A.B. asks: 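Have a look at this one before I ask anything.
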2 protein chains.
Amino acid sequence: MPRKRLTREESREQTRVRLLDAAAVAIAKKGLTATSVEDITGHAGYTRGAFYSNFKSKTDLFIELLKRDHVDVQEGLQQLLDTDLSGKDLQRQLALFYSQCYGDNTSYVLWAEARLHSVRDAKFRQRLNALCLEKRDVIAYFITQFCKRMEMPLPASAADLALAMMGLCDGVKYFNMSMPGELPDNAAESVLSAIFSATFFGSRA
Amino acid sequence: MPRKRLTREESREQTRVRLLDAAAVAIAKKGLTATSVEDITGHAGYTRGAFYSNFKSKTDLFIELLKRDHVDVQEGLQQLLDTDLSGKDLQRQLALFYSQCYGDNTSYVLWAEARLHSVRDAKFRQRLNALCLEKRDVIAYFITQFCKRMEMPLPASAADLALAMMGLCDGVKYFNMSMPGELPDNAAESVLSAIFSATFFGSRA
DNA sequence: GAACTCTAATACACAACTGTATCTGAATTC
DNA sequence: GAATTCAGATACAGTTGTGTATTAGAGTTC
């Protein structure tokens with residue numbers, strides 16, 4: 001198996017990616033604080049040297065991790081907006097939206113971890129808030145477009161609705177993860193759907 | 001100033017309470033993992049000896065802390081139910097409800113911390129879920145009673161609505177804490193109110 | 001291919017936390 | 001009021017982590 005010979009830049013990039021991937025797993029499993037730099041590097045197959053030569057600090061790596069995830073979600077939502085808004089099936093629409101935001105548990109845990117960390121670290125909070133507001137704006141746009149196509153008025157400001165939607169998704173996702181027995185599999189969608197159909201359609205009378 | 005002479009039991013109880021109070025502050029500030037036993041005891045004016053003679057572990061103390069907070073909230077909600085359900089002002093109703101659940105930031109952070117911890121520790125999760133389900137049931141009852149008095153049908157199962165409400169409150173509270181500038185002061189109530197008035201009143205047409 | 005450069009490994013010095021084991025002094029018992 | 005008991009302080013041994021300074025070995029340049 002002829003292993004490709006990497007340039008310095010490629011090799012460095014590979015290391016960074018592997019460290020980020022390993023960090024995602026480790027942090028989701030143990031939490032940001034409890035995860036040591038060695039946990040990350042060990043998992044990735046490197047030593048601490050590799051880490052400090054690629055990242056300033058654990059926080060620094062963490063924010064890059066979040067950005068990477070953020071970009072993925074943004075692109076996914078954008079795609080939904082472009083291709084799928086035509087379907088009038090709210091339930092399906094929401095299910096897609098929801099799974100776009102939290103396809104897997106790792107992602108949820110990472111963002112929950114981030115929210116907590118942001119309460120304590122002002123600099124981090126600023127950077128995180130920027131990402132969150134971006135996400136909010138995309139969702140707000142999503143909602144606006146949705147209502148427009150449905151020819152219905154917005155029941156509140158799109159930005160506020162977007163925030164509420166994010167909170168709601170987080171909350172439902174948590175219960176879904178934490179009590180898989182307690183809720184039926186589709187509880188997430190059905191609760192969301194009940195609330196949103198009332199919110200968006202209710203005002204039509 | 002004649003300082004009261006305490007019995008052994010009283011003194012022990014005082015120590016426990018002081019440790020719990022100090023732990024709430026420390027954990028909210030630094031996070032569960034980052035808070036050392038010494039942080040707690042130091043803040044409370046004791047040494048590690050006092051801690052280990054009162055609690056099995058940090059987790060053990062933490063769950064007691066949550067229980068204490070849980071009981072407070074439960075009682076508060078119960079009281080709301082008994083005295084205040086007569087008022088028909090939804091906005092005011094929600095504001096009270098919301099401030100009952102998260103009067104201060106410490107409490108929010110503690111529960112966020114708990115949710116994350118529960119993802120990782122199965123035993124802890126079981127104990128936490130028990131508390132959450134209790135809270136859910138009280139809220140579900142709250143919602144049921146509310147709808148009954150308003151003579152309107154429930155737009156979804158009370159239990160599911162309660163979960164959604166908890167998630168929504170959490171989400172809004174987070175944004176409220178994290179971006180105090182971004183949202184108007186009453187955003188929490190107004191978003192909640194927009195969603196809920198649609199949810200509960202929308203179906204009446 | 002020799003000199004150079006940069007990535008990542010290794011070595012080091014230091015700090016922090018944990019849990020137990022032992023000790024002390026104040027409350028309790030008789 | 002002497003003996004006892006228990007809450008909490010102190011001492012200890014071991015583990016784990018951090019960040020920097022140095023080194024080795026690949027990629028790069030000429």
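Keep in mind that this is a model prediction, so the values were computed, not measured. So you know, we letter chains A, B, ... as the sequences are listed, proteins then strands, and number each from 1. Because only heavy atoms are used, hydrogens play no part in the values below, and waters and symmetry mates are left out as well, while side chains stay in.
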A.B. asks: Under 3.5 Å, is there a donor-acceptor pair between the B:Tyr174 and A:Ser118 side chains?
C.D. replies: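 Side chains of B:Tyr174 and A:Ser118: pair found under 3.5 Å.
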A.B. asks: Among side-chain atoms of B:Ser178 and A:Asn129, is any donor-acceptor pair under 3.5 angstrom?
C.D. replies: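 Yes, because at least one side-chain N or O of B:Ser178 sits under 3.5 Å from a partner of the opposite role on A:Asn129.
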A.B. asks: When you check the side-chain N and O atoms of A:Asp170 and A:Trp111, is any donor under 3.5 Å from an acceptor?
C.D. replies: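 A:Trp111 and A:Asp170 do not have a side-chain donor-acceptor pair below 3.5 Å.
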A.B. asks: Tell me whether B:Lys29 at atom NZ has more than 12 heavy atoms from other residues, nucleotides or ligands lying less than 6.0 Å away.
C.D. replies: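 Result for NZ/B:Lys29: open.
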A.B. asks: Whole angstrom is fine here: how far is it from CZ in B:Arg12 over to C1' in D:dC6?
C.D. replies: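 Those two atoms, CZ and C1', are 9 Å apart.
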A.B. asks: Pick the nucleotide of DNA chain D nearest each of A:Ser57 and B:Phe51; which residue has the one closer to the 5' end?
C.D. replies: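 With A:Ser57 and B:Phe51 compared, the 5'-side residue is B:Phe51.
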A.B. asks: Nearest-Å distance, NZ (A:Lys58) to C1' (D:dG17)?
C.D. replies: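 Answer to the nearest Å: 9 Å.
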A.B. asks: Indicate whether OP1 or OP2 belonging to C:dA27 is found under 4.0 Å from a side-chain N or O atom of B:Thr7.
C.D. replies: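 Result: no.
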A.B. asks: Could you give the CD-to-C1' distance, from B:Glu10 to D:dC6, as a whole number of Å?
C.D. replies: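 My rounded result for the distance is 16 Å.
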A.B. asks: How many whole angstroms separate atom CZ of A:Phe55 from atom P of D:dG19?
C.D. replies: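 Result: 14 Å.
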A.B. asks: Map B:Ala50 and B:Arg8 onto DNA chain D by nearest heavy atom, then report which one ends up closer to the 5' terminus.
C.D. replies: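 Its nearest nucleotide being more 5', the pick is B:Arg8.
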A.B. asks: Is the phosphate of C:dA8 approached by A:Thr15 (side-chain N or O, under 4.0 Å from OP1 or OP2)?
C.D. replies: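 Answer is yes, contact under 4.0 Å.
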A.B. asks: Please state whether the phosphate of C:dA8, meaning OP1 or OP2, lies under 4.0 angstrom from any side-chain nitrogen or oxygen of A:Asn54.
C.D. replies: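 For C:dA8, OP1/OP2 do have a side-chain N/O of A:Asn54 under 4.0 Å.
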A.B. asks: Taking only side-chain N and O atoms of A:Ser36, does any of them lie within less than 4.0 angstrom of OP1 or OP2 on D:dG17?
C.D. replies: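 True: A:Ser36 side-chain N/O within range (under 4.0 Å) of D:dG17 OP1/OP2.
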A.B. asks: Grab the OH-P distance between B:Tyr52 and D:dA7 for me, whole Å please.
C.D. replies: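 Rounding to the nearest Å, OH of B:Tyr52 and P of D:dA7 are 17 Å apart.
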A.B. asks: If you go through the side-chain atoms of B:Arg48, does one of them form a donor-acceptor pair with the base of C:dG19 closer than 3.5 Å?
C.D. replies: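 Indeed there is one.
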